[in-house]
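This report concerns only the one structure given below.
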Amino acid sequence: MGLLSLTFLTALVGLAASQSAVFIGGNLSDGNAPIWDTVVALAGGKGVAKFGIFTTASADPEGSAAYYIDMLVNVYGAASATYIPITETSNNADDPAMVDLVRQQTGFFFGGGDQLRILNAIRPAGRETLVLAALTEMVKAGATVGGTSAGAACLSNTVMITGGSSYDALIYGAFSGGPNSNNPGDLSYDEHGGLGFLAGWVPDTHFSERGREARLIRLLQDTRYRDIGTPLGFGLDEDMALVVTDLYTRPVGKVIGISGGMFIADVTNTIVTPSTTTNYEGVSAHYLTQDDTIDLTTGNVTFASWKTPLKGNEQYANAEISNDILSSKRSRSWASAAAQFFDNQLDDTVIHFSFEKNPTFEVTFNRLSGAGYRGPLPSDPLTFVVSHENLQVGIRESIAV
């Protein structure tokens with residue numbers, strides 16, 4: 001590294017927050033100032049932040065980059081945003097000119113599209129290119145890295161989800177490789193992992209909207225014993241973000257956004273019973289909303305101070321049963337069912353069902369070791385959100401009567 005780069009790195013540490021990443025669940029709205037402003041602030045703030053834009057995942061990289069440049073600079077006040085012209089076919093991730101461009105930035109943003117394009121360009125077959133090495137170097141020095149949709153799914157060091165639906169995942173399991181064009185429902189993953197900025201967690205996006213809870217659970221269980229497998233994963237709803245600080249020491253994540261939340265799955269203590277498909281018991285799940293935090297080393301969650309326990313203050317007498325718990329049609333079936341479950345007075349266990357038949361799946365919720373919290377959004381006191389911890393989940397193929 002040259003003297004100029006060393007001088008810049010020293011200055012950068014004083015400008016930006018310590019080793020941070022922003023995972024965004026996709027469909028980030030233009031007006032979501034809390035997320036955009038946070039991304040800019042972590043890179044040094046208005047009038048200071050300098051972004052490198054990676055739209056490698058997009059089918060139209062230049063057009064996509066123009067959008068992010070406009071949003072970051074003209075709308076949210078970054079000093080500059082520069083397109084980093086690395087694509088799946090450009091073969092320039094080891095180009096010294098690209099490395100120098102990376103080293104001039106205080107923040108990096110990865111746009112959406114297909115996360116495999118990002119890996120094929122920047123970490124082909126698990127190889128660290130010079131650009132990826134420079135990105136890692138800059139983040140360790142204090143730069144921030146963020147991404148939305150595919151640009152968030154690629155930021156961890158674990159196996160990376162590349163496609164699939166919850167229902168097909170439960171039937172067939174997980175397959176290494178890219179999406180299956182003959183059956184887009186097949187659960188697929190890249191065994192080489194993502195770009196490596198966050199350790200030990202599988203991220204997923206477009207989460208509640210596309211009913212990806214069972215997909216994540218199956219992926220974690222099927223890959224947890226691989227070299228870069230893990231029993232831990234999280235899924236972000238659209239227009240929501242997890243802001244992670246202290247990436248390389250003691251990472252802590254905070255949820256921001258008001259449109260949904262973040263699902264967390266832990267299969268550490270899951271019991272698997274082989275059957276025609278596969279049955280699961282003892283999956284631990286949490287759901288965090290605005291201002292909740294998670295210690296990503298211990299997995300401990302802390303709910304925002306403006307939320308209070310639901311126990312004793314429930315709105316509903318009984319839990320409602322969903323007959324489409326695995327829905328991928330933007331109905332938020334699982335998230336809505338879980339929120340209502342913790343907001344009921346009498347039922348500590350409820351069984352939901354998949355709409356799909358042959359087979360039908362039963363999804364059991366148990367809250368005996370869990371707790372729910374509710375509070376009015378500080379930005380909209382008439383809107384209440386529900387968070388919960390330690391929901392115990394079981395999934396089994398329904399036995400026809």
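Atoms considered below: every heavy atom in the structure, side chains included; atoms not considered: hydrogens, waters and symmetry mates.
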CG (D227) with more than 12 external heavy atoms under 6.0 Å: no
Test item: side-chain donor near acceptor, T162 and S188, under 3.5 Å: yes
Between CG on residue D239 and CD1 on residue I24, distance to nearest 0.5 Å: 9.0 Å
SG on C154 to CZ on R123, rounded to 0.5 Å: 11.0 Å
ring-ring contact (aromatic ring centres under 6.0 Å, His included): pairs with one or both residues in residues 74-102, sequence neighbours excluded: W36-Y76
F23 and W201, any side-chain heavy atoms less than 4.5 Å apart: no
Ring centre gap for F109 and F51 strictly below 6.0 Å: no
Contact summary for S336 and S331, nearest pair of heavy atoms: OG-O, 4.3 Å
Heavy-atom closest pair, residues S149 and H206: OG-NE2, 2.7 Å
Expected output: side-chain S166 to main-chain R215 donor-acceptor under 3.5 Å: yes
Side-chain H-bond candidate by donor/acceptor type, N183 with N180, under 3.5 Å: no
Pair R226 + E191, salt bridge at N-O below 4.0 Å: yes
Test side-chain hydrogen bond (donor to acceptor under 3.5 Å, both in side chains) applied to S20 and T144, step by step: CA-CA 5 Å; S20 57; T144 192; 2.8 Å; yes
Side-chain H-bond candidate by donor/acceptor type, N92 with S90, under 3.5 Å: yes
Residues D94 and R127 bridged, charged N to O under 4.0 Å: yes
Close side-chain approach of Y248 to V139, heavy-atom, < 4.5 Å: yes
Basic-acidic side-chain contact under 4.0 Å: R396, E281: no
Under-4.0 Å salt bridge between D324 and K329: no
Residues V385, L377; criterion side chain to side chain contact (heavy atoms under 4.5 Å, CB included); working and verdict: CA-CA 7 Å; V385 293; L377 287 170; 3.9 Å; yes
Side-chain donor/acceptor of D266 to backbone N/O of T268, under 3.5 Å: yes
Ring centres under 6.0 angstrom apart (H388, Y373): no
L187 vs L219, side chain to side chain contact (heavy atoms under 4.5 Å, CB included): CA-CA, chis, key distance, verdict: CA-CA 8 Å; L187 171 57; L219 183 280; 3.9 Å; yes
E62, CD: over 12 other non-hydrogen atoms inside 6.0 angstrom: no
Under-4.0 Å salt bridge between R330 and E209: no
Salt bridge present between D222 and R218 (N-O < 4.0 angstrom): yes
Exercise: do T298 and N300 side chains pair donor with acceptor under 3.5 Å: yes
ring-ring contact (aromatic ring centres under 6.0 Å, His included) partners of residues 162-183, not counting sequence neighbours, each pair once: Y167-F361
Derivation and outcome, salt bridge (Lys or Arg N to Asp or Glu O under 4.0 Å), residues R332 and D237: CA-CA 9 Å; R332 297 175 54 86; D237 295 344; 3.1 Å; yes
Nearest-0.5 Å distance that lies between atom CD1 in I53 and atom CD1 in I86: 13.0 Å
Under 3.5 Å: donor-acceptor pair, side chain of R103, backbone of M138: no
Run the side-chain donor-acceptor check on residues 303-311: report pairs under 3.5 Å with partners two or more places apart or on a different chain.
unit_1	atom_1	unit_2	atom_2	d
W306	NE1	D291	OD2	2.9
K307	NZ	T289	OG1	2.6
K307	NZ	Q290	O	2.9
K307	NZ	D292	OD1	2.8
K307	NZ	D292	OD2	2.9
K307	NZ	S387	OG	3.3

Sub-4.5 Å side-chain heavy-atom contact between L232 and L220: no
Heavy-atom closest pair, residues Q115 and A153: NE2-CB, 3.8 Å
Rounded distance [0.5 Å steps], OG1 in T129 versus CD1 in I122: 6.5 Å
L72/V40 under side chain to side chain contact (heavy atoms under 4.5 Å, CB included): CA gap, chis, key distance, verdict: CA-CA 7 Å; L72 288 166; V40 172; 4.0 Å; yes
4.5 Å side-chain heavy-atom contact, Y189 and T223: yes
Side-chain heavy atoms of T383 within contact of I258, under 4.5 Å: no
Ring pair (Phe, Tyr, Trp, His ring centres under 6.0 Å) partner of F207, the single match among F263, W334, Y287, F234: F263
Non-hydrogen side-chain atoms of L42 and V243 separated by less than 4.5 Å: yes
Modelled atom types, side-chain donor and acceptor of E88 and N120, under 3.5 Å: yes
Nearest heavy atoms of A265 and I217, plus distance in Å: CB-CG1, 4.2 Å
Quiz item: cation-pi between R367 and F341, 6.0 Å / 45°: yes
side-chain hydrogen bond (donor to acceptor under 3.5 Å, both in side chains) assessment of N390 paired with S369: CA-CA 6 Å; N390 295 325; S369 61; 5.6 Å; no
Over 12 non-hydrogen atoms of neighbours within 6.0 angstrom of OH in Y67: yes
Side chains of L135 and F197 in contact at under 4.5 Å (non-hydrogen atoms): yes
side-chain hydrogen bond (donor to acceptor under 3.5 Å, both in side chains) assessment of E314 paired with N344: CA-CA 5 Å; E314 299 90 348; N344 97 89; over 6 Å; no
Contact summary for G178 and L116, nearest pair of heavy atoms: CA-CD1, 3.6 Å
Pair Q392, N366: side-chain N/O donor-acceptor within cut-off below 3.5 Å: no
Candidate pair D295 and R250, rule side chain to side chain contact (heavy atoms under 4.5 Å, CB included), full reasoning: CA-CA 8 Å; D295 183 322; R250 185 67 177 266; 3.0 Å; yes
Any side-chain heavy-atom pair of T55 and Y68 under 4.5 Å: yes
V244 versus P251, closest heavy-atom pair with distance: CG1-CB, 3.9 Å
From CG (L296) to CG (D246), nearest 0.5 Å: 11.0 Å
Spacing of D190 atom CG and I118 atom CD1 [to the nearest 0.5 Å]: 11.5 Å
